[in-house]
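Written below as structure tokens is the structure these notes are about.
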Amino acid sequence: MVAQRLHGWARPLLERYRPVLAKPAARAWSQRIAEVEQALAPIPELQQALPPQQLRITMLGAITVTRPGGAVQPISGARSRTLLGLMVADQMQRRRLGREEFWRIAGGGGGDDLEHSRKAMNQGILRLREAITREAVQTDGETPTLNFDAVQVDLLEAVKALRQADSAARASAWIRAFPAAMRALEISRGEVPFPTLYDDFFEATREDFEDLLRSTTVRVARGLLREGDTTSAEALLTRLHDIMPEDEEAGTLLQNALIALGRRAEAERVKMRAEAG
């Protein structure tokens with residue numbers, strides 16, 4: 001029942017049949033059910049609800065800000081979009097950008113005139129604060145950062161979910177890895193990160209995200225298949241295949257999962273889609 005995510009029935013059944021079970025078996029089942037219930041409890045970091053005062057920044061498919069009242073506003077101006085995207089991309093790095101690196105990219109990425117880059121960045125901060133409020137941008141550190149008490153960013157939510165999925169997968173905690181990986185896929189939807197931003201740094205960060213999305217999803221799906229949870233693996237692989245239909249490894253895994261579930265016609269359609277390019 002756990003493998004099929006019917007855990008809600010497990011405890012009532014245990015209580016019903018406890019009188020006919022040996023005490024050690026009853027204790028073992030009770031402990032196992034408690035572990036599953038705890039594992040499936042909502043993960044706070046993955047909740048979608050925003051505090052009323054927060055802005056929601058989109059970096060997937062479009063660069064926009066959604067205000068607490070629900071109004072969506074595109075971020076206009078190449079400099080403002082570059083600065084906003086750079087603050088987001090910086091958070092995705094294992095090692096954050098240094099001050100001069102940040103200045104060069106924010107100022108246009110060319111030349112050796114650091115003073116010009118710094119001034120261009122400061123102008124960008126003023127314009128960006130007009131678009132997303134002064135409180136949303138912090139400038140008291142070595143480089144500007146977003147104030148994450150005031151804003152939430154879709155791309156960073158996806159990265160956080162992927163890192164949680166990867167951590168759970170390394171611990172073979174598949175019951176936690178699955179919802180985290182699925183959350184990342186739902187956020188991504190195959191949309192392009194950092195649209196309209198073409199600096200080499202953004203291109204590289206885009207590729208890093210896509211690689212992380214793919215590799216983590218495949219790792220979790222393989223783990224679920226080994227555990228016999230073919231249904232969950234198929235759900236992940238179907239989402240990934242919709243996003244990356246050209247990926248041969250994910251396509252083959254999906255075909256195998258569908259065949260194991262008795263859905264050969266769907267597996268054949270996946271194969272035909274791959275062959276069509």
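For the numbers below, each heavy atom of this structure counts, side chains included, while hydrogens, waters and symmetry mates do not.
Nearest approach of Ser80 to Gly124, heavy atoms of both residues: OG-O, 4.2 Å. The shortest heavy-atom contact between Arg183 and Ala161 is CG-CB, 4.2 Å. Residue Pro195 comes nearest to Arg206 through the heavy atom pair N-NH1, 4.4 Å, listed as atom of the first residue, atom of the second, then distance. Residue Thr205 comes nearest to Ala89 through the heavy atom pair CG2-CB, 4.2 Å, listed as atom of the first residue, atom of the second, then distance. Glu234 approaches Ala257 most closely through the heavy-atom pair CB-CB, 4.2 Å. Across all non-hydrogen atoms, the minimal contact from Ala136 to Ala150 is CA-CB, 4.4 Å.
We find that Glu249 and Arg214 are joined by a salt bridge, their nearest charged nitrogen and carboxylate oxygen being less than 4.0 Å apart. A salt bridge links Arg273 with Asp242; the closest basic N to acidic carboxylate O contact falls under 4.0 Å. No salt bridge links Arg222 with Glu227; every basic N to acidic carboxylate O contact stays at or beyond 4.0 Å. A salt bridge links Arg219 with Asp166: at least one charged nitrogen is closer than 4.0 Å to a carboxylate oxygen.
Residues Leu84 and Leu146 are in side-chain contact: their nearest non-hydrogen atoms beyond the backbone lie under 4.5 Å apart. A heavy-atom distance below 4.5 Å is not found between the side chains of Thr143 and Trp103. Looking only at side-chain heavy atoms (C-beta outward), Phe194 and Val88 come within less than 4.5 Å of each other. Taking the side chain as every heavy atom from C-beta outward, Arg239 and Glu186 approach each other to under 4.5 Å. Under the 4.5 Å side-chain criterion, counting only non-hydrogen atoms from C-beta, Phe201 is not in contact with Arg104. Looking at Met87 and Pro144, their side chains come closer than 4.5 Å, going by heavy atoms from C-beta outward. By the 4.5 Å heavy-atom criterion applied to side chains, Phe202 and Thr82 are counted as neighbours. Residues Leu258 and Val270 are in side-chain contact: their nearest non-hydrogen atoms beyond the backbone lie under 4.5 Å apart.
Counting only distance, with no hydrogens or angles, the side chain of Thr252 and the backbone of Glu248 share a donor-acceptor pair below 3.5 Å. No donor-acceptor pair closer than 3.5 Å links the side chain of Ser188 to the backbone N or O of Ala184. Counting only distance, with no hydrogens or angles, the side chain of Arg129 and the backbone of Val137 share a donor-acceptor pair below 3.5 Å. With Arg79 contributing its side chain and Gln123 its backbone, the two residues share no donor-acceptor pair below 3.5 Å.
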Legend entry - Audit row: Ile57, Asp154, side-chain contact (heavy atoms from CB on, under 4.5 Å) steps and yes/no: CA-CA 7 Å; Ile57 292 173; Asp154 59 351; 5.9 Å; no
Legend entry - CA sep, side-chain torsions, deciding dist, call: Gln164, Arg176, side-chain hydrogen bond (donor to acceptor under 3.5 Å, both in side chains): CA-CA 8 Å; Gln164 289 170 338; Arg176 283 197 175 277; over 6 Å; no
Legend entry - Arg226/Trp174 under side-chain contact (heavy atoms from CB on, under 4.5 Å): CA gap, chis, key distance, verdict: CA-CA 10 Å; Arg226 287 195 300 270; Trp174 307 112; 3.7 Å; yes
Inset, instruction - Tell me, with the steps shown, if Val220 and Leu236 meet side-chain contact (heavy atoms from CB on, under 4.5 Å). - result: CA-CA 8 Å; Val220 174; Leu236 285 179; 3.6 Å; yes
Inset, instruction - Please lay out, stage by stage, how Gln73 and Thr64 fare under the test side-chain contact (heavy atoms from CB on, under 4.5 Å). - result: CA-CA 5 Å; Gln73 173 187 337; Thr64 66; over 6 Å; no
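The neighbour count for Arg189 CZ, taken as heavy atoms of other residues, nucleotides or ligands under 6.0 Å away, is above 12. Arg269 CZ: 12 or fewer foreign heavy atoms inside a 6.0 Å radius.
Both Val159 and Phe148 are assigned to one and the same hydrophobic cluster, defined by single-linkage of ILVMFWY side chains at heavy-atom distances under 4.5 Å. In terms of hydrophobic clustering, with Ile, Leu, Val, Met, Phe, Trp and Tyr side chains grouped at heavy-atom distances under 4.5 Å, Met244 and Phe209 are assigned to a common cluster. In terms of hydrophobic clustering, with Ile, Leu, Val, Met, Phe, Trp and Tyr side chains grouped at heavy-atom distances under 4.5 Å, Ile63 and Val192 are assigned to different clusters. Phe102 and Tyr198 fall into different hydrophobic clusters, defined by Ile, Leu, Val, Met, Phe, Trp and Tyr side-chain heavy atoms under 4.5 Å apart, directly or through other members.
Distance check: Asp208 CG to Arg94 CZ gives 10.5 Å after rounding to the nearest 0.5 Å. Taking CG of Leu55 as the reference point, atom CD1 of Ile132 lies at 7.0 Å (rounded to 0.5 Å). Taken to the nearest 0.5 Å, the OG1 atom of Thr139 stands 8.5 Å off from the CG atom of Asn122. Atom CZ in Arg134 sits 12.0 Å away from atom CG in Asn147 (nearest 0.5 Å). Taking CG of Asp199 as the reference point, atom CG of Leu86 lies at 8.5 Å (rounded to 0.5 Å). How far CD of Gln54 is from CD of Gln152: 5.5 Å, rounded to the nearest 0.5 Å.
Listed by chain and number, the residues in a side-chain hydrogen bond (donor to acceptor under 3.5 Å, both in side chains) with Glu266 are Arg263 (sequence neighbours excluded). The salt bridge (charged side-chain N to carboxylate O under 4.0 Å, His left out) check on Arg127 picks up nothing, with sequence neighbours excluded.
If you run side chain to side chain contact (heavy atoms under 4.5 Å, CB included) between Met59 and each of Ile75, Leu155, Leu156, only Leu155 comes through.
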